[in-house]
K.L.:
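Let me begin by handing over the structure; questions about it come next.
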Amino acid sequence: GAVVSQHPSRVICKSGTSVKIECRSLDFQATTMFWYRQFPKQSLMLMATSNEGSKATYEQGVEKDKFLINHASLTLSTLTVTSAHPEDSSFYICSATLFTPNYGYTFGSGTRLTVV
Amino acid sequence: AQSVTQLGSHVSVSEGALVLLRCNYSSSVPPYLFWYVQYPNQGLQLLLKYTSAATLVKGINGFEAEFKKSETSFHLTKPSAHMSDAAEYFCAVINTGNQFYFGTGTSLTVIP
């Protein structure tokens, strides 16, 4: 089945530094991946759509210069949180789509980011 | 535009009792609907999905959901709750661009 690997699962960083989160499709090619953010006790909100070989599409209210997305290959998308601040602390989850007759969607296991 | 509404942010049931988690959708086109479960500090696990085939969808761990167009609902049920069912449950709809829109979630507590 379709597997999406997300790394790291947890990261703690200092304010002002940058953090990169990787999302890999392990056994399929994903031309499109999606990044979601989940604040504590809240639902998941779509941040951006990552397109292989082109610029990401960001949802309204998401700062594209702060959340840099790179989808350089068909199996890897990265989200870089630049100049992180405590309010960026959140749970970030990626997903990728495998177009099968069963319409499969797979989510990564998530990354817990804590900015101190 | 598609959206889902989950009624009840917290649901408590006794072990062995029926689980009913409510989800209503809004969609201008036939929707694809999903239920996901999330355990603390973990990602999402797909319970089941509706993709316009059978209206009664059976998922993993004994869960099932029925798509009712007349009620615009896709409620999740399980006949007998188990302690291991305690988790956060999300209903979601997907748009034509394959982007998910999640409900606000329902936290299920199972009382021994």
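What's counted below: heavy atoms across the whole structure, side chains too, no hydrogens, waters or symmetry copies. Residue numbering restarts at 1 for every chain, and letters A, B, ... go by the order of the sequence lines.
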K.L.:
With a 4.5 angstrom heavy-atom cut-off, which part of B/Q38 approaches chain A: side chain, backbone, both or neither?
P.N.:
side chain

K.L.:
Tell me if the aromatic rings of B/F63 and B/Y89 count as close, with their centers under 6.0 Å from one another.
P.N.:
yes

K.L.:
Between B/N61 and B/L47, is there a donor-acceptor pair closer than 3.5 Å when you use the side chain of the first and the backbone of the second?
P.N.:
no

K.L.:
Side chain, backbone, both or neither: which part of A/Q6 has a heavy atom under 4.5 Å from chain B?
P.N.:
neither

K.L.:
Go through A/E52 and A/Q29 one step at a time and tell me if the side chain to side chain donor-acceptor pair (under 3.5 Å) criterion holds.
P.N.:
CA-CA 10 Å; A/E52 187 269 336; A/Q29 294 182 332; over 6 Å; no

K.L.:
With a 4.5 angstrom heavy-atom cut-off, is it the side chain or the backbone of B/F90 that approaches chain A, or both, or neither?
P.N.:
side chain

K.L.:
What part of B/Q99 is in contact with chain A, defined as an atom under 4.5 angstrom from a non-hydrogen atom: side chain, backbone, both or neither?
P.N.:
both

K.L.:
Heavy-atom distances under 4.5 Å only: say whether A/I93 touches chain B with side chain, backbone, both or neither.
P.N.:
side chain

K.L.:
Treating Ile, Leu, Val, Met, Phe, Trp and Tyr as nodes and any side-chain heavy-atom pair under 4.5 angstrom as an edge, say whether B/L56 and B/I60 lie in one connected cluster.
P.N.:
no

K.L.:
With rounding to the nearest 0.5 angstrom, report the CD to OH distance, B/E71 to B/Y25.
P.N.:
10.0 Å

